[in-house]
There are 2 protein chains.
Amino acid sequence: MTSTDAPHAHGREATTPPVRPTKQRRAVAEALASFGDFRSAQEIHGSLTERGEKVGLATVYRTLQLLSDSGEVDMLRTEEGEAIYRRCSATHHHHLVCRQCGATVEVEGPAVERWTRAIAAEHGYADIAHTLELFGTCRSCAV
Amino acid sequence: MTSTDAPHAHGREATTPPVRPTKQRRAVAEALASFGDFRSAQEIHGSLTERGEKVGLATVYRTLQLLSDSGEVDMLRTEEGEAIYRRCSATHHHHLVCRQCGATVEVEGPAVERWTRAIAAEHGYADIAHTLELFGTCRSCAV
DNA sequence: GCTCAGTTGACAATCATTCTCAATCGATTG
DNA sequence: CAATCGATTGAGAATGATTGTCAACTGAGC
Ligand SMILES: [Zn+2]
Ligand SMILES: [Zn+2]
Ligand SMILES: [Zn+2]
Ligand SMILES: [Zn+2]
């Protein structure tokens, strides 16, 4: 979704805290891998709890933050503003999401990416990022 | 919400609450008209309070909800998930927003709209809606 | 003026998300 | 294996936006 993130990470690179692969982090990552659609932090935490994986809610949030920052998962917001996460492919893409069942399709639009850059240039905006999501009703959820 | 709805839509009944133009609603609308960029409900409420307009925070939220539902104002969410509002033109458009100063440009992309419909059809999704926002750094905010 | 549904506002209640910080973990060295 | 020490965790408190509650208020129509 958001592309072309700020490339200039202002100074202070000396502090690069090692990210340890802990049991909890693995649990969250595996949970994400087991879903095909976007889930909220609360849902993921609930799912883990059900399976007997005891992971604190705060840890789930922290891990999702990490994964999201590193680009391993995509994060977007529901109409209500709640953050939801999904394990996605590495290439830049957008989403077509069923608002009934959540079924998600990754879509690409080279033309849209081009359009984005053109618009930005035309108005003199630099360091552009964009969000683009499609919501609809999938075939199996149609009346 | 949808309760005891008459099966036969004889005229209009349950869903036509008269919207009275009150002092408070006018105040919120005027505040929105005076801004050129997106503002949060809290900011708008603060702005009104400063000017001496005594409007309750809940009323600001309710009015923004009304205006947003009626399409008179656009609502989108910040990266942090906070809802922000802006008085926009009536035609369908998207936004190019400076992440520093909030300067907003309305942009149109017929090609993008076409692409949206094509993608939706291709995957059998109906009743499509889409969100598309561009964030960047405007010329005057550039280093 | 009188009525009554729409409206308001002070305040409580939700709810997602973040913060705090003592206890625990785990890679590493000896 | 044991000691070390910063990274990590989790229970609970705290935050902050948004919504719900409900008695008091407003105003258009009679
Ligand atoms: Zn994705
Ligand atoms: Zn569906
Ligand atoms: Zn707009
Ligand atoms: Zn700017």
Side-chain angles (χ1 to χ4, degrees), chain A residues 12-32 38-70 72-73 75-86, chain B residues 1 3-4 12-32 38-70 72-86:
Chain A
R12 162 234 306 251
E13 54 274 330
T15 50
T16 303
V19 176
R20 294 211 278 240
T22 67
K23 184 182 308 184
Q24 291 87 333
R25 283 173 182 166
R26 211 169 302 124
V28 172
E30 284 172 10
L32 278 168
F38 283 89
R39 302 293 176 103
S40 71
Q42 309 266 358
E43 287 174 331
I44 293 165
H45 175 252
S47 168
L48 286 173
T49 301
E50 276 184 19
R51 292 188 213 175
E53 310 261 26
K54 283 162 292 184
V55 181
L57 179 57
T59 298
V60 172
Y61 272 102
R62 282 183 291 236
T63 303
L64 288 173
Q65 196 71 268
L66 278 178
L67 293 172
S68 177
D69 288 346
S70 76
E72 282 196 62
V73 307
M75 182 262 266
L76 58 83
R77 291 189 180 275
T78 67
E79 198 70 16
E80 293 74 39
E82 188 179 10
I84 49 181
Y85 305 83
R86 177 177 187 267
Chain B
M1 311 159 83
S3 60
T4 61
R12 57 342 198 331
E13 46 212 83
T15 51
T16 306
V19 176
R20 292 212 279 242
T22 67
K23 185 182 311 182
Q24 291 86 334
R25 283 171 182 165
R26 212 169 300 124
V28 172
E30 283 172 11
L32 278 168
F38 283 89
R39 301 293 175 104
S40 71
Q42 309 267 357
E43 287 174 332
I44 292 165
H45 175 251
S47 169
L48 287 173
T49 301
E50 274 185 21
R51 291 189 215 176
E53 310 262 26
K54 283 162 292 184
V55 182
L57 179 57
T59 297
V60 172
Y61 273 103
R62 282 183 293 236
T63 303
L64 288 173
Q65 196 71 270
L66 278 178
L67 293 172
S68 177
D69 288 347
S70 76
E72 282 195 62
V73 307
D74 280 1
M75 181 262 266
L76 58 84
R77 292 188 179 276
T78 66
E79 197 73 13
E80 293 75 40
E82 190 179 7
I84 49 179
Y85 305 82
R86 177 178 189 266

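First the proteins, then the strands, lettered A, B, ... as listed; each starts at 1. Because the structure is a prediction, the values reported are computed rather than measured.
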field: Distance in angstrom units between A/L57 CG and C/dT20 P, rounded
entry: 17 Å
Proximity to the side chain of B/V19 - top-ranked nucleotide from C/dT7, D/dT18, C/dT17: C/dT7
- line: Ranking B/T59 and A/S40 by the position along DNA chain C of their nearest nucleotide, the one closer to 5' is B/T59
- prompt: What integer distance in Å separates B/K54:NZ from D/dC25:C1'?
  reply: 15 Å
message: Are the side chains of B/R25 and B/L66 in contact, using a 4.5 Å heavy-atom criterion?
response: yes
query: Does the side chain of B/L76 come within less than 4.5 Å of B/F38's, by heavy atoms?
result: yes
field: Rounded distance in Å - CG (A/L64) to P (D/dT9)
entry: 12 Å
- prompt: What nucleotide, of D/dT9, C/dT8, D/dA17, holds the atom closest to the side chain of A/R25?
  reply: D/dT9
Expected output: side-chain B/H45 to main-chain B/V55 donor-acceptor under 3.5 Å: yes
field: Base D/dG20 to side chain B/R62, donor-acceptor N/O within 3.5 Å cut-off
entry: no
task: Answer yes or no: does a side-chain N or O of B/Q24 lie under 4.0 Å from OP1 or OP2 of D/dT26?
output: no
- request: Find the distance A/E82:CD to C/dT14:C1' and express it as a whole number of Å.
  value: 13 Å
- request: Answer with yes or no whether B/R20 presents, from its side chain, a donor or acceptor under 3.5 Å of a partner atom in the base of C/dG6.
  value: yes
message: Closest approach to the side chain of A/A83, judged atom by atom: which nucleotide of D/dT18, C/dT17, C/dC19 is it?
response: C/dT17
- line: Rounded to whole Å, CZ of B/R77 lies from C1' of D/dA17 at a distance of 10 Å
- prompt: Any side-chain N or O of A/T22 less than 4.0 Å from the OP1 or OP2 oxygen of D/dT9?
  reply: yes
- prompt: Is any side-chain nitrogen or oxygen of A/Y61 closer than 4.0 Å to OP1 or OP2 of C/dT17?
  reply: yes
- prompt: For the pair made of CD in A/Q42 and P in C/dC15, what is the distance, rounded to whole Å?
  reply: 10 Å
- prompt: Can you check the A/K23 NZ to C/dT24 C1' distance for me, whole Å?
  reply: 12 Å
- request: Could you grab the distance from atom CD of A/E82 to atom CD of A/E43, nearest 0.5 Å is fine?
  value: 6.5 Å
Backbone of A/L32 reached by a side-chain donor or acceptor of A/R39 within 3.5 Å: no
- line: Closest to the side chain of A/Q65, out of D/dT19, C/dT18, D/dT18, is C/dT18
- prompt: Whole Å only: how far is the CD atom of A/E79 from the C1' atom of D/dT19?
  reply: 17 Å
